[in-house]
Structure formats: C-alpha cells, structure tokens
Amino acid sequence: MKRLATIGIFVFGMFFCAYFVGAQENKTLGRAAEVFPYPFKDLYYISPRFDRQNLKNDQYFNSYILRSIATIGGSYHFRLDVPLANSNTSGSDVFGLSDISLKFSHAVVSHNKQLYFGYSIQSVFPSATNESLGGGKWQLRPGVGFMYFRDKLAGTYSFAVEYRFSFAGSSQASNVRALAISPNVDWWFKRWYIGYYATWLYDFESNILDIPIDIEAGYSVLSGLTLSAEFIQPLLEKRSYNNEFAIKLRYTIQ
C-alpha cells in the first residue's frame, strides 16, 4: 500500500505541474517526441510511465519509469530512463532499482525538410539492486534510421536499425547480442494520435525472434500533457514473453 500511495502522489504531481507549465503543440505528437528531436527547437519532456510484461509460467516484470527527454540545439536529443521495478522471476516478489539507460540521438535534415536521417547510441548501466531486476551487463546500442514527416504534420513514417551488445559486467549474467528493427508509422491529430510502434527483435543468444503487434494511442488531456496507452502482442509461437502493456504520461516544458 505504501508503494502504491507513493506512485499515486507522484502521478498526481505530474498532472499538477503540467497544468501550470505545459506548452500546447498545434498537433499531439506521437512517439516521435521520444525518439527524435522534433519540432527542432529546445524542448524538455518529463514522462512517468508504468509497464507490465507478462512472461511465461505466470511470471511478470513491472517497471515504474521516469523518462526525461531534452532536445538541444534543434537536432541533439538526450533521453534518460530511471526505472524502478518489481518481479517474481526469482521465485518471490522483489522490488528495487532496475537498469538505468541514457540515449543520445542526432538528426540531419534532408533537402525537402520532410525526410530526416539520424544516428543514435544508447548506454545501459547494470544498476539493478537485485539480479532479477536487471541484465547485469554493461551494454551499448548503436543505431541508424530515418523519419519522414507527412504533409501538414499528419504523422510520420520511420525506420531504424539497432544492434545491442554487452561488453562487461557480471560473469553470472547472460551476454547480450540482439538486432532490433523498428518499422513504425503513426497518425497525428489535434488532440490525439495513434501508431504502430513495434520493434522486431532477434536475440542471437536465445535464437528467438519477436515480431509483435504494437499499438499505442494517446490523447492530450491538458495543455502540454498527453496520456497514452500501449499494448504489445508477439505473433510467433516461439517468443520471449507473452504480452506487454503500458500507461504513460508526457508533459512538455518549453
């Protein structure tokens, strides 16, 4: 109960702050706001979120993430994730800090100002307070991709490729070698958005390919504040998890 009360107060605080400091965009931004430096000016986002991944044999992994996003200089994008988590994968329910990650992206404009290319690098730190709450390895995730903004900012098409690998950490933890491909599309409207935001992931260590349906929809409930929900369902019979869903808040500080 104490944990739920803390989370409730935290989420209420996000709504309260957003009401006074939020900045309303002409259209409600989709996932581009989190992975790309749109709208190419200095902006800051705060995004608390809850994510639940249902695993096999009635196991689960819950994440309570505070995501901070900053776009600097119009084309440099920084994203910091600080997650708490609880899971029963060790046989009993464990709660604590999970792995912190930091991502940097840089976008380069094309000649028509609708098609943008970019690259990124993400670092994952083995900061989990319990081995069942993190990967136990130092990781890097370099990536490249592009994003195309449709006419009148009706939405985006994007494609990105990322290679994930571990290079140090606990000898007891599994190595990380995976290829992630993200073919995404979304539609933006004045107060809401909807999109397909899947990441197709092939794990070279387990030889498992996850190709999911991943649908997210969001609605601008207050000036500068967007509430969204996401559901992920892997399609192949051999999969690394059963399904996943998330509830997210995002507010903008300009």
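Residues: numbered from 1 along the sequence shown. Note that this is a predicted model, so its numbers are computed, not measured.
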Please tell me whether [X] and [Y] are part of a single hydrophobic cluster in this structure, the criterion being side-chain heavy atoms less than 4.5 Å apart.
| X | Y | answer |
| --- | --- | --- |
| L201 | V176 | no |
| I213 | I208 | no |
| V221 | I46 | yes |
| I121 | F167 | yes |
| V124 | Y119 | no |

Looking at the rings of [X] and [Y], which for Trp means the six-membered one, are their centres under 6.0 Å apart?
| X | Y | value |
| --- | --- | --- |
| Y64 | F50 | yes |
| F36 | H77 | no |
| F125 | W138 | yes |

Pair [X]-[Y], side-chain donor/acceptor within less than 3.5 Å:
| X | Y | result |
| --- | --- | --- |
| N88 | D93 | no |
| Y193 | E216 | yes |
| Y197 | D186 | yes |
| S182 | N184 | no |

Determine whether more than 12 heavy atoms belonging to other residues, nucleotides or ligands lie under 6.0 Å from atom [atom1] of [X].
| X | atom1 | result |
| --- | --- | --- |
| Q233 | CD | yes |
| N207 | CG | yes |
| Y76 | OH | no |

Is the shortest heavy-atom distance from the side chain of [X] to the side chain of [Y] under 4.5 Å?
| X | Y | value |
| --- | --- | --- |
| R150 | Y157 | yes |
| N243 | F231 | yes |
| R141 | K103 | no |
| F78 | Y44 | no |
| V94 | N86 | no |
| F165 | L140 | yes |
| L97 | L84 | yes |
| D81 | I100 | no |

How far apart are the closest heavy atoms of [X] and [Y], and which atoms are they?
| X | Y | value |
| --- | --- | --- |
| L249 | L227 | CD2-CD1, 3.5 Å |
| S174 | K137 | O-CG, 3.5 Å |
| I232 | P212 | CG2-CB, 3.6 Å |
| D42 | G73 | OD1-N, 2.7 Å |
| A32 | W188 | CB-CZ2, 3.8 Å |
| D99 | P126 | OD1-CA, 3.5 Å |

Is the side chain of [X] donor-acceptor paired with the backbone N or O of [Y] at a distance under 3.5 Å, no angle test?
| X | Y | result |
| --- | --- | --- |
| N242 | L55 | yes |
| S170 | Q172 | yes |
| S87 | Y60 | yes |
| D203 | E205 | yes |

- Query: With L209, which of L179, L236, L235 fulfils side chain to side chain contact (heavy atoms under 4.5 Å, CB included)?
  - Reply: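 Exactly one pass, corresponding to L236.
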
To the nearest 0.5 Å, what is the distance between [atom1] on [X] and [atom2] on [Y]?
| X | Y | atom1 | atom2 | answer |
| --- | --- | --- | --- | --- |
| R177 | S166 | CZ | OG | 9.0 Å |
| M147 | T156 | CE | OG1 | 4.5 Å |
| S220 | R191 | OG | CZ | 4.5 Å |
| F146 | S158 | CZ | OG | 7.5 Å |
| Q122 | R79 | CD | CZ | 5.5 Å |
| D51 | I247 | CG | CD1 | 10.0 Å |

- Task: Using the ring of F61 (Phe, Tyr or Trp, six-membered ring only), decide whether R52 places NZ or CZ under 6.0 Å from its centre and within 45 degrees of its axis.
- Result: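 No, R52 does not sit over the ring of F61.
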
- Should the pair D210-R239 be classified as a salt bridge under the 4.0 Å nitrogen-to-oxygen rule?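 Salt bridge: no.
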
- Message: Salt bridge or not between K248 and E34? Use side-chain N to carboxylate O under 4.0 Å.
- Response: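 A salt bridge is absent here (no side-chain N lies under 4.0 Å from a carboxylate O).
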
- Task: Check the pair Q53 / Q59 against side chain to side chain contact (heavy atoms under 4.5 Å, CB included), numbers first and verdict last.
- Result: CA-CA 9 Å; Q53 191 173 69; Q59 294 182 333; over 6 Å; no

- Message: Between Y116 and F149, is the side chain to side chain contact (heavy atoms under 4.5 Å, CB included) condition met? List the steps.
- Response: CA-CA 8 Å; Y116 293 79; F149 291 86; 3.8 Å; yes

- Task: Report the relative orientation of the aromatic rings in Y202 and F204; use parallel for angles under 30°, tilted for 30 to 60°, perpendicular for over 60°.
- Result: perpendicular

- Message: Please determine whether side chain to side chain contact (heavy atoms under 4.5 Å, CB included) holds for the pair T199 and D214, giving the CA-CA distance in whole Å, both sets of side-chain angles, and the decisive distance to 0.1 Å.
- Response: CA-CA 8 Å; T199 295; D214 185 340; 6.0 Å; no

